[in-house]
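Report on one structure; see the data block that follows.
One-based numbering along the sequence shown. Excluded from the calculations below are hydrogen atoms, water molecules and symmetry mates; all remaining heavy atoms, backbone and side chain alike, are included.
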Amino acid sequence: MTNDILKYLREKEYISGEVLAKKLGVSRVAIWKQIQRLKNMGYKIIADQNIGYCLISRPDLLLPQEIQNGLSTNYIGRKIYYFSKLESTNIIAKEKATHKEEGVNEGTIVIAERQSAGKGRLGRKWFSPTGGIWLSIILYPQLSPSYIPRITLMTAVAVVKAIERCAQIKGQIKWPNDILINEKKVCGILTEMSAELDLINWVVVGIGINVEIKKQEFPEDIREKTTSLKEALRKEISRVRLVQIFLKEFERYYELLKKREISLILKEWKSYSHTLGKKIKINIGENIVTGEAIDINEEGALILKKGDGELIEIISGTII
Ligand code: BT5
């Protein structure tokens, strides 16, 4: 019911408890209780005895009703599980996808204000205090598991596009899953899946964006390599708006991917690339290879030209 009340509060400057009660078919006391609930969530609502309730301001939280108000996607983010704190949005999203919980359809998201055990790749930790966007998207693509690297690539493109649209700043994509601003990491992507031999069961794409995290807050060992949008821009960014724009971009590129129209995604990826044309060292499992990153192929693999001229394709690794 709080969502309906919010909808009416947004429509009018003032609306009386009586009118709200009539519209929703409940008592005025019930309305009053829901108004208290909204206030506890951080909504500023004033009440005037004669004219009723007025919504003054919204909390700066990633609440589902805030994200969905004005969200223009068809299915991404149409169902949202919100937590003020949890271990990891990827863990919860994977549980929901694995048990095929009711209503957990393609595009369902899990989002949190902070994570106590945020995950990076290969068991690494992801620092996730309040002030970021920590979200996971559940997908059921009818694609072969070989598409997973391409899902990470398209997500990276959706993130840089969203940052550019929302904050007018151009990020760069460091292969395969980092977004950098001013050479520092502002976002990481963790794609996990369950698959049969030739078909994906589900995919969970986890995205972490540092929006308003102060430099001193970052653990010392990563402080110099990380940044947040606020630090880079020196101005506030609405996390809700950024999520809305990101979800829209994500849906657009995901639709292309499902139609196997990879070339546009790759073209965009290349135009934001931080990696191509550089001499790099990549950690692949136990090995470190060095060479020039010359291209990225249709599968999302990085093409590295080694010192002796040999070309190798790298599907997954960490640039050091
Ligand atoms: C990643 O791994 O970059 C994937 C990060 C994915 C995080 C999201 S948040 C929502 C969802 N739920 C989760 O639990 N995870 C996903 P990787 O490429 O392995 O990079 C990890 C490394 O990035 C760490 O070892 C640190 O060096 C650095 N790092 C940790 N926290 C960071 C932060 N907040 N900002 C920038 N760099 C960070």
Side-chain angles (χ1 to χ4, degrees), residues 1-12 34 37-38 41-43 55 57-84 86 89-90 92-93 96-97 101-115 130-141 151 154-168 171 179 187 189 191 202-212 229 236-259 265 268:
M1 192 180 8
T2 47
N3 277 352
D4 295 322
I5 294 182
L6 273 176
K7 191 175 123 242
Y8 290 119
L9 286 174
R10 283 195 186 106
E11 278 171 9
K12 290 206 162 151
Q34 294 303 319
R37 250 190 89 194
L38 285 168
M41 285 180 193
Y43 288 89
L55 177 63
S57 69
R58 308 154 184 193
D60 179 32
L61 296 175
L62 299 166
L63 296 164
Q65 62 263 29
E66 291 300 323
I67 293 173
Q68 283 170 343
N69 176 39
L71 182 68
S72 57
T73 56
N74 289 320
Y75 56 94
I76 301 288
R78 287 286 145 203
K79 179 156 184 86
I80 301 178
Y81 290 92
Y82 169 81
F83 296 82
S84 45
L86 47 49
T89 55
N90 264 40
I92 299 290
K96 294 195 180 295
E101 275 181 35
E102 219 189 306
V104 179
N105 300 322
E106 171 126 301
T108 295
I109 70 174
V110 179
I111 193 161
E113 300 292 345
R114 64 193 166 107
Q115 302 184 114
T130 52
I133 293 171
W134 323 124
L135 87 88
S136 302
I137 306 177
I138 299 170
L139 304 169
Y140 301 103
I151 292 183
M154 60 133 283
T155 304
V157 173
V159 173
V160 279
K161 282 273 175 197
I163 290 178
E164 195 168 8
R165 272 182 61 196
C166 187
Q168 288 81 48
I179 310 297
C187 165
I189 298 160
T191 311
W202 53 254
V203 176
V204 165
V205 188
I207 300 107
I209 309 177
N210 304 325
V211 180
E212 214 186 306
L229 290 177
E236 314 257 318
I237 288 286
S238 156
R239 287 184 307 152
V240 168
R241 204 171 109 73
L242 181 53
V243 170
Q244 289 171 334
I245 295 177
F246 165 67
L247 296 177
K248 182 76 186 165
E249 292 291 343
F250 185 91
E251 187 172 282
R252 190 156 78 88
Y253 287 106
Y254 182 53
E255 280 298 307
L256 287 177
L257 185 87
K258 283 196 290 186
K259 287 189 222 140
I265 299 171
E268 296 275 24

Between Tyr43 and Leu63, is any pair of side-chain heavy atoms under 4.5 Å apart? yes
Salt bridge or not for Arg10 and Glu66, using N-O below 4.0 Å? yes
Using the side chain to side chain contact (heavy atoms under 4.5 Å, CB included) rule, take Val205 and Ile189 through it: C-alpha gap first, then chi angles, then the decisive distance, then the call. CA-CA 7 Å; Val205 188; Ile189 298 160; 3.9 Å; yes
Value for SG (Cys187) from CG (Asn210), rounded to nearest 0.5 Å, stands at 8.0 Å
Give the minimum heavy-atom separation between Val204 and Ser136, together with the two atoms involved. CG1-CB, 3.9 Å
Would you give the length of the straight line joining atom CG of Leu62 to atom CH2 of Trp134, rounded to the nearest 0.5 angstrom? 10.5 Å
Any side-chain heavy-atom pair from Tyr75 and Glu255 closer than 4.5 angstrom? yes
Sidechain-backbone polar pair: Glu249 side chain, Ile163 backbone, donor-acceptor under 3.5 Å: no
Could you point out which residue of Gln244, Glu113, Glu212 forms a side chain to side chain contact (heavy atoms under 4.5 Å, CB included) with Arg239? Glu113
Taking side chain as C-beta onward, heavy atoms only, is Lys79 less than 4.5 Å from Lys96? no
Evaluate Ile237 against Cys166 for side chain to side chain contact (heavy atoms under 4.5 Å, CB included), listing each step before the verdict. CA-CA 8 Å; Ile237 288 286; Cys166 187; 4.2 Å; yes
Minimum-distance pair of heavy atoms, taken over all atoms of Ile209 and Leu229: CG2-CD1, 4.3 Å
Between Glu251 and Thr73, is there a donor-acceptor pair closer than 3.5 Å when you use the side chain of the first and the backbone of the second? no
Could you please spell out the steps behind the side chain to side chain contact (heavy atoms under 4.5 Å, CB included) verdict for Leu86 and Tyr81? CA-CA 11 Å; Leu86 47 49; Tyr81 290 92; over 6 Å; no
dist Met41:CE -> Leu6:CG (nearest 0.5 Å) comes out at 8.0 Å
Below 4.5 Å, heavy atoms only, C-beta onward: do Tyr254 and Pro141 meet side chain to side chain? yes
Looking only at non-hydrogen atoms, find the nearest pair between Ile179 and Ala156 and report the distance. CD1-O, 3.7 Å
Quick one, Glu106 with Ile138, criterion side chain to side chain contact (heavy atoms under 4.5 Å, CB included). Give me CA distance, side-chain angles, the key distance, then yes/no. CA-CA 6 Å; Glu106 171 126 301; Ile138 299 170; over 6 Å; no
For Lys12, is the NZ atom crowded, meaning more than 12 foreign heavy atoms sit under 6.0 Å from it? no
Residue of the set Thr108, Val110, Ile67 for which side chain to side chain contact (heavy atoms under 4.5 Å, CB included) holds with Ile80: Ile67
If you count every heavy atom of other residues, nucleotides or ligands that lies below 6.0 Å from Arg252 atom CZ, does the total exceed 12? yes
Check salt bridge (Lys or Arg N to Asp or Glu O under 4.0 Å) between Glu164 and all other residues, then give those that pass, not counting sequence neighbours. none
Spatial distance of atom OG (Ser238) from atom CZ (Arg58) [nearest 0.5 Å]: 9.0 Å
Decide yes or no for Ile76 and Phe246: does some side-chain heavy atom of the first lie under 4.5 Å from some side-chain heavy atom of the second? no
Glu102: which residues meet the side chain to side chain contact (heavy atoms under 4.5 Å, CB included) condition with it, sequence neighbours left out? none
Only one of Ile109, Thr155, Thr89 passes side chain to side chain contact (heavy atoms under 4.5 Å, CB included) with Ile137; say which it is. Ile109
Working to the nearest 0.5 Å, report the span between CD1 of Ile5 and CZ of Arg37. 9.5 Å
How many angstroms lie between CZ in Arg78 and CG in Asn105, if you round to the nearest 0.5 Å? 13.0 Å
